[in-house]
Amino acid sequence: MEQLLKKSVVQAIKELYGADVKEETVQIQLTRKDFEGDLTVVVFPFLRFAKKSPEQTADDLGQFLSRNLSDIAKYNVVKGFLNLVISNAHWIDGLNKAYSDSNYGITAQTDDSKLVMVEYSSPNTNKPLHMGHIRNNLLGHSISEILKANGNQVVKTNIVNDRGIHICKSMYAWMKEGKGETPESSGKKGDHLVGEYYVKFDRMYKAEVAGLMENGVPKEEAEQSAPSIIGAREMLRKWEQDDPEIRGLWETMNQWVYAGFDETYKKLGVGFDKIYYESDTYKVGRDEVMRGLNEGVFEKHDDGSVWANLEPEGLDRKILLRSDGTSVYMTQDIGTAKLRYEDYSIDKMVYVVGNEQNYHFQVLSILLDKLGYEWGKDLYHFSYGMVELPQGKMKSREGTVVDADDLVEEMIKVARETSEELGKLDEYDEESKREIHRMIALGALKYFILKVDPKKTMMFNPLESIDFNGNTGPFIQYTYARIQSVLRKAKDQGLRRDVAQTGLQLREKEIELLKRLNAFPAIVKEAGTNYSPALIANYCYELVKEYNQFYHDITILGEPDEAVRNFRLVLTETTGNVIQRGFALLGIECPERM
RNA sequence: GCUCCCUUAGCUCAACCGGAUAGAGCAACGGCCUUCUAAGCCGUAGGUUGUGGGUUCGAGUCCCGCAGGGAGUACCA
């Protein structure tokens, strides 16, 4: 409709004023609620062609459009805004299409679909996942679903940062103080256990540095010469030299962590098509760096470290290999990228990584370009904002984190309590109840995170917890459950549904709802081009708010006129389908009752 | 120091690449369950969009200055 309208406006300007305007300059927006109408044309841009007042110009256009477009029932002019009222038949026709199309709003993949690889999660294997990782995982999963819904082929990938100084720190502390503790012996989840040793390392290290400083060693020297950091570095060096003992311990501890991560991923409902391990890719990266060095792209310092000089690009120098020959983060990212492009014919590479790494990706892109990869500059860093606590940023080492597993458990507990208080599920067995509580808890958590603009820093206050009323996931799930309840009752009464008649008189709430439903495909597209699950979340909220008003004001099953009742049932079912489809794009499930 | 980002109601967030009188939820107060699920619906109150300029028919949105907050700039990842 909007496309058609734009074309007609262009035509109108030509016929009325003899000027050529581009379709892009035609501004169509939804009419504000305070005015009568559905769509509004902004006429200010055309005044210079019309050489008339805004009101007069709008009126000219209004007359032209209602003559030429049958779906325009009437129009009115307020200042420079032309408000168009679209016919009911048009909206009902749109509803019927949505109702009959089991993929309404979704663009199917085809043979020449683009292949998009989405990297997300990418955890370090030295500590458990926290709230920040949850945001990353949920965004990555949702973005993947949204890209699929826009006709792309998507490969979800995870680069596990399983090697490096960080894991050596946990290993060092475990060797020193672990006394052979394992997940089995302690009953602790593997990632949590390893994380504890990471924290222990930090305490050990800080104590050593403090001790050295008390003995008059300067701070910087103390930080470099503390026994624990030297020990950890030594382990990293041995690891890169394939020392069997170190490799054995490393493998054991990593397995503990993977088992823990798998559990958390499963709970969150996220997954991957292809997993890369830094322990495999860093060598490829190291080879690439050496190649760059030989080709004169990088430079070697006297101490043996290898650097990229990015000063010509207006940036700094960046280290690529340490003086002891070990790799840094950047080294492996180069290798990982190369491997991926060898493994897949990638049209677009998306990195879901926090905005604290903006600089890193700027550099990565330049380095790959320097190494001769033409796709280097096409990497897209989906840069999302941090999750902050009232005390500020989360820090794993200092233990100021909201643990992912704890948070999910807490949410389930609250969901169960709320549910039991309301008592609507009393006649169900424990198993079904647990399943519904889980859906609601995750719905609340996921929606809470995904409804905010990914680019923005967001605040989470653990003390206030996450709401289940108002603009929340459970509110939207509740509406879905309510809809299913109506549909079940309709079925019990033997009511059949069929496409609605277009000639019906409609109530205002019904038209509002129809308009919302009509907008869904455009929202899915917009969410795709903007990489924004938040647009889907906010849309679902507005749709559901609209539906609840309709539900409250207007009877469905009690309507005596069969055609009208049928229309309302179609409207109800379609709303339910759109909610479910929209929520699926967010990775949120909808319970049939709650 | 240098670079980038942020600042909207008491709190958490919206505002469709510059459009009409800046919207929701939470918290507060008041109404609505004999009727399709009250995790709902309706209403009241709450704002000089951090601040000062500029650009134009029109600025929360674009440009410049200032204040406050954050991130990056490591032989950390």
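Keep in mind that what you see is a predicted model, and the values were worked out from it rather than measured. Labels below follow one simple rule: chain letters A, B, ... track the order of the sequence lines, proteins then strands, and each chain is numbered from 1.
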> If every non-hydrogen atom of Trp250(A) is compared with every non-hydrogen atom of Ile167(A), which pair is closest and at what distance?
Replying inline: CD1-CG1, 4.0 Å

> Given Tyr75(A), which of Asp59(A), Asn83(A), Thr40(A) fulfils the side chain to side chain donor-acceptor pair (under 3.5 Å) condition?
Replying inline: Asp59(A)

> Tell me the salt bridge (charged side-chain N to carboxylate O under 4.0 Å, His left out) pairs involving residues 539-552 of chain A, sequence neighbours left out?
Replying inline: Lys33(A)-Glu546(A), Arg516(A)-Glu542(A), Arg516(A)-Glu546(A)

>> Please report the distance separating the C1' of U61(B) from the corresponding atom of G50(B), rounded so that it comes out in whole Å.
In response: 16 Å

Which atoms of nucleotides 2-7 of chain B (N or O only) lie under 3.5 Å from a protein N or O atom, and what are those distances?
none

> Of Asn469(A) and Tyr359(A), whose closest RNA chain B nucleotide lies nearer the 5' terminus?
Replying inline: Asn469(A)

> Taking the same atom, C1', in U8(B) and in U48(B), what whole-Å distance lies between them?
Replying inline: 12 Å

> To the nearest angstrom, how far is Phe468(A) atom CZ from A27(B) atom P?
Replying inline: 14 Å

> Between G18(B) and A59(B), how far is it from one P atom to the other, in whole Å?
Replying inline: 14 Å

> Does the side chain of Asn158(A) reach to within under 4.5 Å of the side chain of Ser122(A), using non-hydrogen atoms?
Replying inline: yes

> With rounding to whole Å, what would you report as the distance between G23(B) and A15(B) at their P atoms?
Replying inline: 14 Å

> Which whole-number value in Å describes the distance from Met394(A) CE to A71(B) P?
Replying inline: 13 Å

> Partners of Glu417(A) by side chain to side chain contact (heavy atoms under 4.5 Å, CB included), sequence neighbours excluded?
Replying inline: Lys413(A)

Write out a two-atom table: protein N or O, nucleotide N or O from nucleotides 19-21 of chain B, distance below 3.5 Å.
residue: G19(B); atom: N7; partner: Gln27(A); partner atom: OE1; Å: 3.1
residue: A20(B); atom: OP2; partner: Arg32(A); partner atom: NH1; Å: 3.0
residue: A20(B); atom: N6; partner: Thr40(A); partner atom: OG1; Å: 2.9
residue: A20(B); atom: N6; partner: Asn83(A); partner atom: OD1; Å: 3.1
residue: A20(B); atom: N1; partner: Asn83(A); partner atom: OD1; Å: 3.3

>> Please report the distance, rounded to the nearest Å, between CD in Glu388(A) and C1' in C13(B).
In response: 15 Å

>> Please give me every residue in residues 525-549 of chain A whose heavy atoms get under 4.0 Å of an atom in RNA chain B, ordered by residue number.
In response: Glu526(A), Tyr541(A), Lys545(A), Asn548(A), Gln549(A)

> For C62(B), does the glycosidic angle fall within 90° of 0 (syn) or outside that (anti)?
Replying inline: anti

>> By the salt bridge (charged side-chain N to carboxylate O under 4.0 Å, His left out) test, which pairs, at least two apart or in different chains, include something from residues 36-48 of chain A?
In response: Glu36(A)-Lys74(A), Asp38(A)-Lys515(A)

Nucleotides 33-36 of chain B: which of its N/O atoms have a protein N/O under 3.5 Å away?
residue: C36(B); atom: O3'; partner: Lys489(A); partner atom: NZ; Å: 3.2
residue: C36(B); atom: O2; partner: Leu557(A); partner atom: N; Å: 3.1
residue: C36(B); atom: N3; partner: Ile556(A); partner atom: N; Å: 3.1
residue: C36(B); atom: N4; partner: Tyr551(A); partner atom: O; Å: 2.6
residue: C36(B); atom: N4; partner: Ile554(A); partner atom: O; Å: 2.5

> Of Tyr277(A), Tyr120(A), Tyr351(A), Tyr276(A), which meets side-chain contact (heavy atoms from CB on, under 4.5 Å) against Ile159(A)?
Replying inline: Tyr276(A)

> Can you list the stems that RNA chain B is part of, where a stem is at least 3 pairs in a row, each Watson-Crick or G-U, with both distances below 3.5 Å?
Replying inline: B:1-7 with B:67-73, B:10-13 with B:23-26, B:28-32 with B:40-44, B:50-54 with B:62-66

Could you go through residues 450-458 of chain A and list every donor-acceptor pair under 3.5 Å that involves a side-chain atom there, pairing it with any protein atom two or more places apart or in another chain?
residue: Lys451(A); atom: NZ; partner: Asn471(A); partner atom: O; Å: 3.4
residue: Asp453(A); atom: OD1; partner: Lys455(A); partner atom: N; Å: 3.0

>> Using whole Å, what does the distance between atom C1' of nucleotide C76(B) and atom CG of Asn126(A) come to?
In response: 11 Å

> Taking only residues at least two apart or on different chains, which pairs with a member in residues 467-488 of chain A satisfy ring-ring contact (aromatic ring centres under 6.0 Å, His included)?
Replying inline: Phe475(A)-Tyr541(A)

> Any luck finding a side-chain donor-acceptor pair between Asn161(A) and Thr125(A) under 3.5 Å?
Replying inline: no

> With sugar-phosphate meaning primed atoms plus P, OP1 and OP2, does Met386(A) contact a base, only sugar-phosphate, or nothing at under 4.0 Å between heavy atoms?
Replying inline: nothing

> Atom NE2 of His130(A) and atom P of A77(B): how far apart are they, to the nearest Å?
Replying inline: 17 Å

> Separation of Tyr447(A) atom OH from G25(B) atom P, in whole Å?
Replying inline: 11 Å

> What interatomic distance, in whole Å, is found between C1' of U12(B) and the corresponding atom of G53(B)?
Replying inline: 32 Å

> Do you see a donor-acceptor pair shorter than 3.5 Å between the side chains of Glu559(A) and Thr555(A)?
Replying inline: no

>> Run the salt bridge (Lys or Arg N to Asp or Glu O under 4.0 Å) test against Glu420(A) and tell me which residues pass, sequence neighbours left out.
In response: none

>> Applying a 4.0 Å non-hydrogen cut-off, can you work out what Ile523(A) is touching in the nucleic acid: base, sugar-phosphate, or nothing?
In response: nothing

>> For the C1' atoms, the ones on U51(B) and on C32(B), what distance do you get once it is rounded to whole angstrom?
In response: 45 Å

> On a whole-Å scale, what distance lies between the C1' atoms belonging to C62(B) and G25(B)?
Replying inline: 30 Å

> Hey, is C29(B) sitting syn or anti, using the within-90° cutoff around 0?
Replying inline: anti

> With sequence neighbours left out, what residues match Tyr384(A) under side-chain hydrogen bond (donor to acceptor under 3.5 Å, both in side chains)?
Replying inline: Asn136(A)

>> Judged by each residue's nearest nucleotide on RNA chain B, which is more toward the 5′ side, Lys169(A) or Lys395(A)?
In response: Lys395(A)

> Across the strands shown, which category fits Asp453(A) at heavy-atom distances under 4.0 angstrom: base, sugar-phosphate, nothing?
Replying inline: sugar-phosphate

